[in-house]
Structure formats: C-alpha cells, structure tokens
Undergrad: 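I have a structure here, written as structure tokens, and I will follow up with some questions on it.
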Amino acid sequence: MKLSLFKIGLILVVSGSIWIAVIFENNERVHDEVSLKQSTSFEIKSSFIGSDIGFYRVFMPEFDGEEIFVQTLDPNENILEEKKIQTKLSVGYFDYNTNGIHTIKITNISKNSVYIQLELGDTNSKEMIPAGILILVGSITLIIMSYFKLRNYNMAQPDENIS
C-alpha cells in the first residue's frame with residue numbers, strides 16, 4: 001500500500017483528534033443533578049491547580065423555554081463570568097489562574113421548576129497543544145494535496161449542438 005501525502009495528512013488529523021479526545025475524557029470533573037424551584041440556587045465546586053481553562057456543561061433534559069442564571073466564581077468569591085442560559089444544552093469556558101476551589105452557582109430565574117444536569121471540570125488545554133499541532137500539520141497537508149489534485153482536474157463538457 002502506497003502512502004500518499006493526502007493519506008498521511010488524513011492519518012495525522014485523525015490521530016490528533018483521537019489524542020485530544022483521550023486527554024479530554026481523562027480529565028477530572030464533577031457531575032451533579034438537581035431540580036431547582038423558582039428563585040432557588042445551587043452550587044457545584046471543583047478544585048483547580050495552576051492556570052488553564054475550566055469548563056462547565058449545563059443540560060436541561062426537559063427543556064421548555066426555562067431560563068437559568070450561571071455565575072462562575074473563583075476561590076475568593078470573585079465573579080469570573082455571568083451568563084443567562086435559555087437553551088437545552090450550554091457549555092461555558094473560563095480562564096483560571098489561582099489555585100483553589102472554583103464554584104459554579106446556578107439560579108433558576110424562570111417561573112417553573114427546572115431539572116438540571118451539571119458538569120464542571122478542567123480542559124487540560126496545555127496538554128492538547130502537541131495534538132493540536134498534529135491536527136494543524138495534517139490539515140494543511142490535506143488542503144495542499146487537495147488543491148494539487150483539483151487543480152489539474154478537467155470535467156468533460158457536453159457537446160453544444162446535441163439534438
């Protein structure tokens with residue numbers, strides 16, 4: 001089997017994507033489920049070390065137009081981010097640079113009860129840099145090889161005077 005640059009680029013993209021998926025899947029994260037009545041709040045906490053990017057995922061399986069308010073707090077209770085969520089699934093990212101317990105505070109601002117599934121964790125984005133470079137090199141290889149293949153491609157044109 002002869003390996004062309006196109007196939008090598010494809011292999012690089014696929015292997016880099018798998019590498020990133022494995023890193024992201026092995027991250028520590030906290031899960032919780034809660035049913036919030038009108039104007040009630042819930043907090044989920046996780047410990048972060050160093051500086052990187054954290055994430056939270058809010059899923060409302062029985063979504064029917066409800067709204068919730070999300071605050072991301074650092075260990076000193078300073079607000080890193082505030083966001084109103086009006087969708088069934090929302091993912092948010094935040095930068096952290098202090099060690100300690102970060103908190104996601106969720107408040108139900110709708111008139112109905114809301115059942116929520118929460119996830120809070122670290123992305124370990126710094127560990128994904130080599131895999132990202134692998135994907136970048138593979139993507140550039142794919143684009144260049146696709147250009148060269150399509151540049152010389154001629155389509156057969158139908159005759160003009162077909163009756």
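Throughout, numbering of the chain's residues begins at 1 and tracks the sequence.
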Undergrad: Hey, could you give me the CG/OH distance between L36 and Y115, rounded to the nearest 0.5 Å?
TA: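 Interatomic distance, L36 CG to Y115 OH, rounded to 0.5 Å: 11.0 Å.
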Undergrad: Does a side-chain heavy-atom distance below 4.5 Å link K105 with F69?
TA: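 The answer is no, as the side chains (C-beta and beyond) never meet within the 4.5 Å cut-off.
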Undergrad: Measure across S110 and V114 and return the closest heavy-atom pair with its distance rounded to 0.1 Å.
TA: OG-CG2, 3.6 Å
Undergrad: Walk me through whether I44 and T103 qualify under side chain to side chain contact (heavy atoms under 4.5 Å, CB included).
TA: CA-CA 6 Å; I44 186 169; T103 305; over 6 Å; no
Undergrad: Kindly indicate, with the supporting measurements, whether the criterion side chain to side chain contact (heavy atoms under 4.5 Å, CB included) is fulfilled by L142 and V13.
TA: CA-CA 9 Å; L142 282 173; V13 169; 3.9 Å; yes
Undergrad: Are S90 and R57 close enough that some pair of their side-chain heavy atoms sits under 4.5 Å apart?
TA: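 S90 does not reach R57 side chain to side chain.
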Undergrad: If you count the non-hydrogen atoms of other residues, nucleotides and ligands that lie under 6.0 Å from CD in E28, is the total more than 12?
TA: no
Undergrad: In Å and rounded to the nearest 0.5 Å, what is the CG to CG distance from D74 to N99?
TA: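 Reported value, rounded in 0.5 Å steps: 12.0 Å.
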Undergrad: Looking only at heavy atoms, which two atoms of P75 and T98 are closest? And how far apart?
TA: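 Distance-wise, the nearest heavy atoms are CD-OG1, 3.5 Å.
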Undergrad: Determine, stepwise, if the pair V58 / Q117 fulfils side chain to side chain contact (heavy atoms under 4.5 Å, CB included).
TA: CA-CA 6 Å; V58 178; Q117 297 174 354; over 6 Å; no
Undergrad: May I ask you to check whether Y56 and E81 show a side-chain donor-acceptor distance below 3.5 Å?
TA: yes
Undergrad: Write down the atom of R29, the atom of E119, and the distance for their closest heavy-atom approach.
TA: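 Between these two residues, the closest heavy atoms are CD-OE2, 2.6 Å.
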Undergrad: Side-chain contact, heavy-atom cut-off 4.5 Å: L80 with H102?
TA: yes
Undergrad: Can you find a pair of side-chain heavy atoms, one from F42 and one from I116, that are under 4.5 Å apart?
TA: no
Undergrad: Determine whether more than 12 heavy atoms belonging to other residues, nucleotides or ligands lie under 6.0 Å from atom CD of E77.
TA: yes
Undergrad: Report yes or no: do I23 and V91 belong to one cluster of Ile/Leu/Val/Met/Phe/Trp/Tyr joined by side chain heavy-atom distances under 4.5 Å?
TA: yes
Undergrad: Give a yes-or-no answer on whether the side chains of N27 and N124 include a donor-acceptor pair shorter than 3.5 Å.
TA: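 A donor-acceptor contact under 3.5 Å links the two side chains.
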Undergrad: Is any side-chain heavy atom of K45 less than 4.5 Å from a side-chain heavy atom of V30?
TA: no
Undergrad: To check you understand the geometry: which heavy-atom pair defines the closest contact between S125 and I53, and what is its length?
TA: OG-CD1, 3.8 Å
Undergrad: L134 and F24: same hydrophobic cluster, using ILVMFWY side-chain contacts below 4.5 Å?
TA: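 Yes; F24 is reachable from L134 via cluster members.
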Undergrad: Look up atom OG in S46 and atom CG in D32, then write down how far apart they are to the nearest 0.5 Å.
TA: 12.0 Å
Undergrad: Do you know the tightest heavy-atom contact between A131 and G16?
TA: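 That closest heavy-atom pairing would be CB-O, 3.8 Å.
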Undergrad: If you measure from OG on S4 to NZ on K149, what distance do you get to the nearest 0.5 Å?
TA: 5.0 Å
Undergrad: Quick one, K84 and I109 - any side-chain contact, counting heavy atoms below 4.5 Å?
TA: yes
Undergrad: For E66 and D64, indicate whether the former's side chain and the latter's backbone hold a donor-acceptor pair under 3.5 Å.
TA: yes
Undergrad: Please report the closest heavy-atom contact between Q38 and K111, naming both atoms and the distance.
TA: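 So the two residues come closest at OE1-O, 3.8 Å.
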Undergrad: Between OG1 of T141 and CZ of F6, what distance do you get to the nearest 0.5 Å?
TA: 10.5 Å
Undergrad: Roughly how far apart are I68 CD1 and T87 OG1, rounded to 0.5 Å?
TA: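 Going from CD1 on I68 over to OG1 on T87, the span is 8.0 Å.
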Undergrad: Same hydrophobic cluster for I135 and I143, using side-chain heavy-atom links shorter than 4.5 Å among ILVMFWY?
TA: no
Undergrad: Tell me whether I133 is reachable from I11 by hopping between hydrophobic residues (I, L, V, M, F, W, Y) whose side-chain heavy atoms are closer than 4.5 Å.
TA: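 Looking at the clustering, I133 is in the same group as I11.
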Undergrad: Taking N76 for its side chain and N78 for its backbone only, find out whether a donor-acceptor pair lies under 3.5 Å.
TA: no
Undergrad: Quick one, L73 and I79 - any side-chain contact, counting heavy atoms below 4.5 Å?
TA: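 Yes, at least one pair of side-chain atoms sits under 4.5 Å.
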Undergrad: With clusters defined by side-chain heavy atoms of hydrophobic residues (ILVMFWY) lying less than 4.5 Å apart, directly or transitively, does F55 cluster with M128?
TA: yes
Undergrad: Mark yes or no for whether N108, through its side chain, and S39, through its backbone, hold a donor-acceptor pair below 3.5 Å.
TA: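 Flag not set: sc N108 to bb S39 has no pair under 3.5 Å.
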Undergrad: Side chains of K37 and T40: closer than 4.5 Å at any heavy-atom pair?
TA: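 A side-chain contact under 4.5 Å exists here.
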Undergrad: Please evaluate residues I49 and Y96 with respect to the criterion side chain to side chain contact (heavy atoms under 4.5 Å, CB included), reporting the C-alpha separation (whole Å), side-chain torsions for both, the decisive distance (0.1 Å), and the verdict.
TA: CA-CA 9 Å; I49 298 172; Y96 65 88; over 6 Å; no
